[in-house]
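Everything quoted here is computed from the prediction, not taken from an experiment. So you know, we letter chains A, B, ... as the sequences are listed, proteins then strands, and number each from 1.
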Protein chains: 2
Amino acid sequence: MDNQLDTFFAAMADPTRRAVIERLAQGPASVTDLHDPSAMALPSFLKHVNRLESAGLIRSEKTGRTRILNIEAAPLAQAEDWLGRQRRLWEGKLDRLQALAEAMERRKL
Amino acid sequence: MDNQLDTFFAAMADPTRRAVIERLAQGPASVTDLHDPSAMALPSFLKHVNRLESAGLIRSEKTGRTRILNIEAAPLAQAEDWLGRQRRLWEGKLDRLQALAEAMERRKL
DNA sequence: GAGTTGGTTATCCATGTGGCTAACTATCTG
DNA sequence: CAGATAGTTAGCCACATGGATAACCAACTC
């Protein structure tokens with residue numbers, strides 16, 4: 001029951017974490033690179049990074065003492081799909097309702 | 001700082017609430033309609049519905065004693081956009097990196 | 001008007017989440 | 001080796017979240 005989408009959406013529901021994703025979308029970066037602009041204490045920030053990683057949204061590779069983070073695009077695409085599917089379903093319904101309304105209108109005139 | 005996306009993603013990070021959205025994408029329904037298949041107590045379920053509404057994901061209209069729920073598509077589209085933007089950014093980077101790698105490869109040969 | 005149905009409100013409780021500080025390890029750099 | 005740098009771990013705290021019951025209100029239905 002604990003869908004992939006669960007952890008994905010939960011991961012994205014925080015501005016700090018979304019900022020990390022936004023930054024990583026433009027290319028890899030280290031933990032401190034990402035942390036620098038933030039007012040938050042490093043350990044708190046690290047927890048966000050770890051959550052992103054355990055949600056499968058980023059990967060990381062440690063070389064020496066620095067840890068380089070990379071975004072993982074697949075989950076984004078997956079969530080995008082789900083949202084699009086729901087939205088299109090609903091918009092399709094709307095279209096059909098509107099068509100029906102118009103048909104009835106024509107018939108009445 | 002409390003972005004629209006905050007409340008949106010938080011709202012979607014729960015399977016019960018996503019199930020409501022999935023169902024409403026196929027057309028309007030009443031609270032009990034939606035609750036019926038669920039094992040959860042009604043008041044708990046109601047809290048989910050209310051959260052969806054205050055996140056702007058659904059609208060509701062009460063006629064008599066029943067409350068009819070409607071999905072609101074705009075926020076879905078907005079989140080979809082954000083995700084798509086990040087993903088395309090990243091994929092664009094990948095493409096350019098790959099092109100670069102290929103160019104270097106050609107030059108070496 | 002008595003009973004039923006559809007929602008709603010009020011508490012309560014356990015757990016999760018997001019922030020902090022302090023203290024530590026591990027890797028450079030001079 | 002001594003110090004600085006980059007992460008990490010541990011522990012603490014306030015508050016939000018997701019679930020439950022109990023009791024209630026408001027509208028149908030007979």
inquiry  = So which atom in B/Ala11 and which in B/Arg17 form the shortest heavy-atom distance, rounded to 0.1 Å?
reply    = O-NE, 2.7 Å
message = Heavy atoms within less than 4.0 Å of DNA chain D: which residues of residues 26-34 of chain B have one? Give them sorted by number.
response = none
inquiry  = Can you confirm whether B/Leu76 sits close enough to B/Leu57 that some side-chain heavy atom of one is under 4.5 Å from a side-chain heavy atom of the other?
reply    = yes
note = One should read off an interatomic distance between B/Ile68 CD1 and B/Ile58 CD1, to the nearest 0.5 angstrom, of 11.5 Å
ask   = Could you give the CG-to-P distance, from B/Asp6 to D/dT17, as a whole number of Å?
value = 11 Å
message = Tell me the interatomic distance from A/Phe9, atom CZ, to C/dT17, atom P, rounded to whole angstroms.
response = 17 Å
task = Can you tell me which residue pairs pass the salt bridge (charged side-chain N to carboxylate O under 4.0 Å, His left out) test with a partner in residues 56-68 of chain A, sequence neighbours excluded?
result = A/Glu53-A/Arg67, A/Arg59-A/Glu72
ask   = Mind checking what makes ring-ring contact (aromatic ring centres under 6.0 Å, His included) contact with B/Phe45, not counting sequence neighbours?
value = B/His35
ask   = Between A/Thr63 and A/Ala10, who's closer to the 5' end of DNA chain C by nearest nucleotide?
value = A/Ala10
task = Residues of residues 45-54 of chain B with any non-hydrogen atom less than 4.0 angstrom from an atom of DNA chain D: list those, numerically ordered, please.
result = B/Lys47, B/His48, B/Arg51
request  = Considering non-hydrogen atoms only, spot the tightest contact between A/Ala29 and A/Leu24 and give its length.
outcome  = N-CD2, 3.7 Å
key: Pairs where residues 74-86 of chain A contributes a residue and the test salt bridge (charged side-chain N to carboxylate O under 4.0 Å, His left out) is met, not counting sequence neighbours   = A/Glu80-B/Arg87
query = What are the residues of residues 64-72 of chain A, sorted by number, that bring a heavy atom to within less than 4.0 Å of DNA chain D?
reply = A/Arg65, A/Thr66, A/Arg67
query = Picking from C/dG7, C/dA22, D/dG19, which would you name as closest to the side chain of B/Leu42?
reply = C/dG7
key: Distance in angstrom units between A/His35 NE2 and C/dC20 C1', rounded   = 12 Å
N/O donor-acceptor pair under 3.5 Å between A/Ser54 side chain and A/Asn50 backbone = yes
request  = List the atom of A/Trp90, the atom of B/Pro28, and the distance in Å for their closest heavy-atom pair.
outcome  = CZ3-CD, 4.4 Å
inquiry  = Does this structure show an ion pair linking A/Arg51 with A/Asp14, if we count only N-O contacts that are shorter than 4.0 Å?
reply    = no
key: OP1 or OP2 of C/dT8 under 4.0 Å from side-chain N/O of B/Lys62   = yes
query = Under 3.5 Å, is there a donor-acceptor pair between the A/Glu22 and B/Trp82 side chains?
reply = yes
task = Round to the nearest Å and state the distance from A/Asp14 atom CG to D/dT17 atom P.
result = 12 Å
inquiry  = Rounding to an integer number of Å, can you tell me how far A/Arg17 CZ sits from C/dG16 P?
reply    = 15 Å
query = So does B/Ser44 get a side-chain nitrogen or oxygen closer than 4.0 Å to the phosphate oxygens (OP1/OP2) of D/dA20?
reply = yes
